[in-house]
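To start, the structure under review is shown below, and the notes come after it.
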Amino acid sequence: MTDALLERLRSAFGAAADPVRAAPMKAYMRDRFEFLGIPSTTRRELTRQVLRGLPRPSERDLTEVALACWALPEREYQYFACDHLRRHAALLTPASLPVVTALVTTKSWWDTVDILAAHIVGPMVAAHPALVSTMDSWTAPGTDLWLVRTAILHQLRYRGRTDFSRLADYCARWAGERDFFIRKGIGWALREHAKTDPGAVRDFVAAHPALSPLSVREALKNLPEPAAAPPAPR
């Protein structure tokens, strides 16, 4: 099935290529990737056409297609792979982790890493709690920064199921990191948890002065200003 899907995919996406659109898309991504020039709405419709009539994939099918898409130069193929994995994330077991790790650390940028973190790694860890130890290892000193960001963001959709003590440990461990994407990721993860437990996020921010201004601003972005203390009686 993998070969049939890839043949359909390359045919459909190739026919829809638009070099005029591709140029600004490439520029927006700082010229890091080539683009076919397919808008997201068109890409999603083409994806539905490509997958129509194909059987449900196996875990092996998913990882093979993802790796094949990652080997292609145009970014739309990596977007397809992320969407395909996201659609079938429940099929992924710890056996797929080496492939997912390769996807996070290859052709890395926020546009794919954030999908992999929240919609693929997150569900994998929730379904297979033993993978929590992998998230811990991904936040160890010296780790690839995209793996660090993935670990920080993997609980993004957990809401009330978030292990805040673990998230707080990751954020504290990397609070002094100067990389923009780590600082932004810390703030984003804390901001999402603030929707569930604003007090915990406020307390964490107050207790960690090493957090960058960007992380603090993002973490508290949607929280109301604390009420002013009443004036002291005279």
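One-based numbering along the sequence shown. Here the structure is a predicted model, which is why all the values come from computation and not from measurement.
- Annotation for Leu190 and Ala219: closest pair CB-CB, 3.6 Å, computed over non-hydrogen atoms.
- In terms of heavy-atom proximity, Tyr77 sits nearest to Cys69 at O-CB, 3.2 Å.
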Take Ile38 and Asp18, measure what side-chain contact (heavy atoms from CB on, under 4.5 Å) needs, and give me the verdict at the end.
-> CA-CA 7 Å; Ile38 304 174; Asp18 183 345; over 6 Å; no
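- The line from CG of Leu223 to NZ of Lys195 is 11.0 Å long, rounded to the nearest 0.5 Å.
- Phe181 does not carry Arg149 over the face of its six-membered ring by the limits of under 6.0 Å from the centre and within 45° of the normal.
- The minimum heavy-atom distance between Pro39 and Arg21, with the atom names listed, is CG-NH1, 3.6 Å.
- By the neighbour-count criterion of 12 heavy atoms within 6.0 Å, atom CZ of Arg86 is sparsely surrounded, having that number or fewer from other residues, nucleotides or ligands.
- For the atom pair Leu156 CG and Arg191 CZ, the distance stands at 8.5 Å (nearest 0.5 Å).
- The shortest distance between side-chain heavy atoms of Thr134 and Ser137 falls below 4.5 Å.
- Judged purely by atom type and a 3.5 angstrom limit, Thr93 uses its side chain to pair as donor or acceptor with the backbone of Ala95.
- Around the CD atom of Glu7, the shell of radius 6.0 Å holds no more than 12 heavy atoms that belong to other residues, nucleotides or ligands.
- Checking side-chain atoms of His154 against main-chain N and O of Ala151 turns up a donor-acceptor pair under 3.5 Å.
- Taking CH2 from Trp110 and NZ from Lys184, the interatomic distance works out to 11.0 Å, rounded to the nearest 0.5 Å.
- When each of Val121, Thr112, Thr63, Leu67 is checked for a side chain to side chain contact (heavy atoms under 4.5 Å, CB included) with Leu103, only Leu67 meets the rule.
- Side-chain contact check for His88 versus Pro57: some heavy-atom pair is nearer than 4.5 Å.
- A side-chain N or O of Asp111 and one of Tyr79 form a donor-acceptor pair less than 3.5 Å apart.
- Checking side-chain atoms of Thr105 against main-chain N and O of Thr101 turns up a donor-acceptor pair under 3.5 Å.
- The CZ atom of Arg32 sits 8.0 Å away from the OG atom of Ser108 when rounded to the nearest 0.5 Å.
- Residues Ser58 and Asp61 bring a donor and an acceptor atom of their side chains to less than 3.5 Å of each other.
- Neither Val65 nor Trp70 shares a network with the other; the hydrophobic side chains, linked directly or stepwise wherever heavy atoms of I, L, V, M, F, W or Y lie under 4.5 Å apart, form separate groups for each.
- The OG1 atom of Thr150 sits 7.5 Å away from the CG atom of Asp114 when rounded to the nearest 0.5 Å.
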List the steps and the verdict of side-chain contact (heavy atoms from CB on, under 4.5 Å) for Leu62 and Leu91.
-> CA-CA 9 Å; Leu62 290 170; Leu91 296 178; 3.9 Å; yes
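- In this structure, Glu76 contributes its side chain and Ser40 its backbone to no donor-acceptor pair below 3.5 Å.
- Using a 4.5 Å cut-off on side-chain heavy atoms (C-beta onward), Phe35 and Met29 make contact.
- Across all their heavy atoms, Ala118 and Pro123 have their closest contact at O-CD, 3.5 Å.
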Stepwise, does the side-chain contact (heavy atoms from CB on, under 4.5 Å) test hold for Arg75 with Trp109?
-> CA-CA 11 Å; Arg75 197 59 165 168; Trp109 203 240; 3.8 Å; yes
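- Side-chain contact annotation: Arg52 with Gln49, donor-acceptor N/O pair under 3.5 Å absent.
- Follow the hydrophobic side-chain contacts under 4.5 Å out from Val201 and you reach Leu214 in the same cluster.
- Under the 3.5 Å distance criterion, the side-chain polar atoms of His119 are left unmatched by any main-chain donor or acceptor of Ile115.
- Looking at heavy atoms from C-beta onward, Ile186 lies out of side-chain contact with Glu177 at the 4.5 angstrom threshold.
- Heavy-atom contacts from other residues, nucleotides or ligands closer than 6.0 Å to CZ of Arg8 number more than 12.
- Checked against salt bridge (Lys or Arg N to Asp or Glu O under 4.0 Å), Glu64 has the following partners two or more places apart in sequence or in another chain: Arg60.
- A 4.5 Å side-chain heavy-atom check between Leu5 and Leu51 finds at least one atom pair inside the cut-off.
- Inter-residue side-chain proximity for Trp138 and Asp144 is flagged as unmet; no heavy-atom pair is nearer than 4.5 Å.
- Contact annotation: the side chain of Tyr158 never approaches that of Asp163 to less than 4.5 Å [non-hydrogen atoms, C-beta and beyond].
- Classification of the Phe80-Phe13 ring pair by plane angle, with boundaries at 30° and 60°, yields perpendicular.
- Considering only heavy atoms from C-beta on, Arg10 comes within 4.5 Å of Leu72 through its side chain.
- Residue Ala16 comes nearest to Leu46 through the heavy atom pair CB-CD1, 3.6 Å, listed as atom of the first residue, atom of the second, then distance.
- Pairing each heavy atom of Leu6 with each of Ala68, the nearest pair is CD1-CB, 3.5 Å.
- In this structure, the side chain of Thr47 engages the main chain of Arg43 through a donor-acceptor pair within 3.5 Å.
- Cluster membership for Phe33 and Leu36, using ILVMFWY side-chain heavy atoms within less than 4.5 angstrom, is not shared.
- Environment of CZ in Arg159: sparse, with no more than 12 heavy atoms of neighbouring residues, nucleotides or ligands closer than 6.0 Å.
- Of the inter-residue distances, the one linking Asp169 atom CG with Met135 atom CE reads 14.0 Å to the nearest 0.5 angstrom.
- Qualifying side chain to side chain contact (heavy atoms under 4.5 Å, CB included) partners for Arg178, counting only residues two or more places apart in sequence or in other chains: Arg183.
- Within the 3.5 Å criterion, the main-chain N or O of Ile182 finds no donor-acceptor partner in the side chain of Trp174.
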